[in-house]
Structure formats: C-alpha cells, structure tokens
Amino acid sequence: MSWALFALGSTVAFAVVSALDKIIIQRHTPNAWTFISMVGFTQLLLAVVVLPWVSWSGYGSWDVAVGYASGLTSGAYLVLMFWVMGRQDVSRVIPVTSTYPIFVAILAALLLDETIGALAWVGVLITVVGASLMSLGPTARTSDRGRGELLAFGLLILASLGFGLSQFLSKVVAEDMDVWTLLMWRALGGGTACIMPTIRPRALGDLIDTLRRPMSVGLVLFTEGALVFIALLLMLAAIYSGPVSLASTIMASRPIFVFALGILLSLGASRVLDEPLEKRIIAVKLAAIALTVGGVIVITLA
C-alpha cells in the first residue's frame with residue numbers, strides 16, 4: 001500500500017499548491033495568462049534541474065513521444081484550469097478537475113488490462129458526483145452563475161480529461177522509462193503547452209512587468225518549482241508502484257484539502273483568499289466532501 005501513501009502525499013502537496021496558485025493569480029500577477037506563462041517557464045526550468053539524473057540511452061522514439069505527450073496533455077490541463085481559476089473560487093475549480101479518475105479508469109481498463117471491480121466503479125462515480133456538486137452548488141458570486149458557470153464547467157471537464165490522459169500516458173511509459181527521465185519529458189511538454197498560448201505582444205508586456213517584481217517571481221518559483229517538484233515526485237511514485245486508476249482516484253480527493261485551506265485562508269482580517277463562508281454554501285460543500293471521501297474509501301478498500 002505504499003502507492004496509496006505516495007498518492008495521499010501528492011494530494012496534500014497539490015492542495016497547498018492550488019491555494020497558493022489562486023493567491024498568486026489574484027494578488028501577484030495582472031491576469032491568469034501571465035501566471036500561465038510563468039508556470040510554463042518554471043516547468044522548463046524544472047526540466048533543466050533534473051538533467052543530471054536523466055538517462056539518454058535505452059529509450060526509443062516512441063517512449064520519448066509518449067513521455068512528452070504526457071507533459072503536453074498535463075500542460076493543457078493547467079492552461080484551462082488556471083484560466084478558469086482566474087474567474088472562480090479555487091474550491092469550485094479543483095473539484096471538477098478532480099473528476100479525471102473516471103477517464104483514467106476507462107483507459108486503464110480498456111488498454112492496460114487493469115481490473116476494476118464493480119465496487120471500485122461505484123466509488124469512482126461517488127467521487128465524481130461529490131466533486132461536481134461542490135463546483136455546481138450554490139455560490140455567492142454572480143459571475144459564477146448562468147452561462148459563465150456552464151462554460152467554466154465545460155472547460156474544466158476538458159481539463160480533467162487532459163490530466164486523466166496525462167496520467168494514463170505516464171503509466172504506459174513508466175514500464176520502460178525511469179522516473180527522472182519521465183519527469184524531464186513531462187516538464188518539457190508541460191512548459192511548451194503553457195507558453196504557446198501566451199505568446200502575444202500584450203501578454204509579453206505583462207510578463208516582463210511581472211518579472212520585475214521579486215515577490216511575484218519568488219512565489220511562482222517556490223510554488224510551481226519546489227512544491228510542484230515534490231508533489232510530482234510523489235505522484236509519479238504512486239503511478240510507478242500501484243494501479244494507476246486507484247492511485248489517481250485517491251489523488252482526486254484534493255478538493256477536501258483545498259476546501260479546508262480555502263476556509264482557513266478566508267478567515268480573519270487579511271482574508272488572503274475570498275471564499276464565501278455562508279452557512280448554506282458551506283453545508284453543500286461539506287455534503288460534496290462527504291461524497292468524495294466516501295468514494296475514495298470505497299475504492300481503496302474494494
């Protein structure tokens with residue numbers, strides 16, 4: 001069960017990253033596109049950092065292509081998620097992107113011959129229902145309702161599909177590629193996917209202005225560099241040592257931790273995050289959390 005501990009550690013680390021990402025987008029960058037661009041360059045820097053541990057022999061072009069594609073699809077997930085996060089509360093964004101285990105489970109069952117029992121499938125569905133309820137439940141923000149809410153939900157489902165595909169591709173190549181080499185190719189693909197949509201004159205000007213702010217640069221490097229590096233290592237350790245569908249579902253419990261952090265960081269005078277604290281909204285979110293946790297427990301014990 002070491003894979004379960006790795007998956008849980010990755011979940012907690014990514015929850016902290018999600019909360020910090022929202023703070024940076026909201027307070028330290030002019031817009032989400034600037035943050036996405038900075039994330040892309042941080043990913044490329046991460047690829048350089050792990051170069052001393054990368055192996056350049058024993059892999060074919062197919063392995064390299066799959067490893068790079070896992071990064072591209074992960075980067076697409078980040079682009080869509082951060083764009084929506086710039087407009088919605090982080091506790092409403094993360095649950096929808098956490099529905100990716102359903103895509104991972106389907107791909108793993110069809111192409112990797114992993115056995116998913118009926119009870120585990122029930123757990124996956126419960127987790128997805130809980131995540132969707134948290135995102136589509138009542139909100140205090142007018143901008144989160146109506147057509148904008150449906151558009152955001154659709155984009156986040158696409159993001160979830162992208163991350164699920166990334167997890168699946170990582171599992172496919174994990175049998176032939178060591179973790180450091182896979183991490184490098186994932187970082188290169190993720191950096192490419194994040195930088196390409198932001199290559200525009202105005203976006204470049206915003207990026208240059210933000211790079212002149214040491215606090216903004218430091219926060220991005222700490223969050224998307226150091227913390228993401230730790231979270232990715234734990235995630236890949238879980239993927240390498242256990243069934244990808246079940247490990248991914250445990251990691252989908254991130255909304256629980258994001259919700260708790262959102263409440264803590266929205267209390268007090270500073271209100272670093274501005275999550276709504278109305279009783280009705282919190283009650284719906286708690287119900288969604290109960291479903292999510294229940295689904296994860298079912299899957300783990302199945």
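Just so you know, these numbers come straight off a predicted model, no measurement behind them.
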Minimum heavy-atom distance [X]-[Y], with the two atoms named:
X    : Y    : result
K22  : Q88  : NZ-O, 3.1 Å
M38  : V217 : CE-CA, 4.1 Å
D21  : F82  : OD2-CE2, 3.3 Å
S37  : L207 : OG-CD2, 3.5 Å
R186 : Q43  : O-OE1, 4.2 Å
A152 : V84  : CB-CG1, 3.8 Å

Does the side chain of [X] reach to within under 4.5 Å of the side chain of [Y], using non-hydrogen atoms?
X    : Y    : answer
T97  : F163 : no
T210 : P30  : yes
L182 : V173 : yes
L165 : L169 : yes
D176 : W62  : no
D63  : T181 : no
L265 : I23  : yes
T29  : R213 : no

Using only atom types and a distance under 3.5 Å, with no angle test, would you say the side chain of [X] pairs donor to acceptor with the backbone of [Y]?
X    : Y   : answer
S18  : F14 : yes
S216 : H28 : yes
N31  : W33 : yes

Value rounded to 0.5 Å, distance of [atom1] in [X] from [atom2] in [Y]:
X    : Y    : atom1 : atom2 : result
S266 : L261 : OG    : CG    : 10.0 Å
E224 : C194 : CD    : SG    : 8.5 Å
T34  : I24  : OG1   : CD1   : 12.5 Å
F229 : L183 : CZ    : CG    : 6.0 Å
I230 : L233 : CD1   : CG    : 8.0 Å
T11  : I256 : OG1   : CD1   : 9.0 Å

- prompt: Between L20 and F222, is a side-chain contact (heavy atoms from CB on, under 4.5 Å) present by the stated rule, with each step listed?
  reply: CA-CA 10 Å; L20 290 175; F222 173 72; 4.2 Å; yes

- prompt: Stepwise, does the side-chain contact (heavy atoms from CB on, under 4.5 Å) test hold for F257 with L8?
  reply: CA-CA 11 Å; F257 302 99; L8 185 60; 4.2 Å; yes

message: Quick one, L204 with I208, criterion side-chain contact (heavy atoms from CB on, under 4.5 Å). Give me CA distance, side-chain angles, the key distance, then yes/no.
response: CA-CA 6 Å; L204 184 59; I208 292 173; 4.2 Å; yes

List, one per line, each side-chain donor-acceptor pair under 3.5 Å for residues 68-80, sequence neighbours excluded.
unit_1, atom_1, unit_2, atom_2, d
Y68, OH, T192, OG1, 3.0
S70, OG, G67, O, 2.5
T73, OG1, A69, O, 3.0
T73, OG1, S70, O, 3.1
Y77, OH, R254, NH2, 3.4

task: Verify side-chain contact (heavy atoms from CB on, under 4.5 Å) between W121 and L125, making sure each step is shown before the conclusion.
output: CA-CA 6 Å; W121 276 110; L125 292 175; 5.6 Å; no

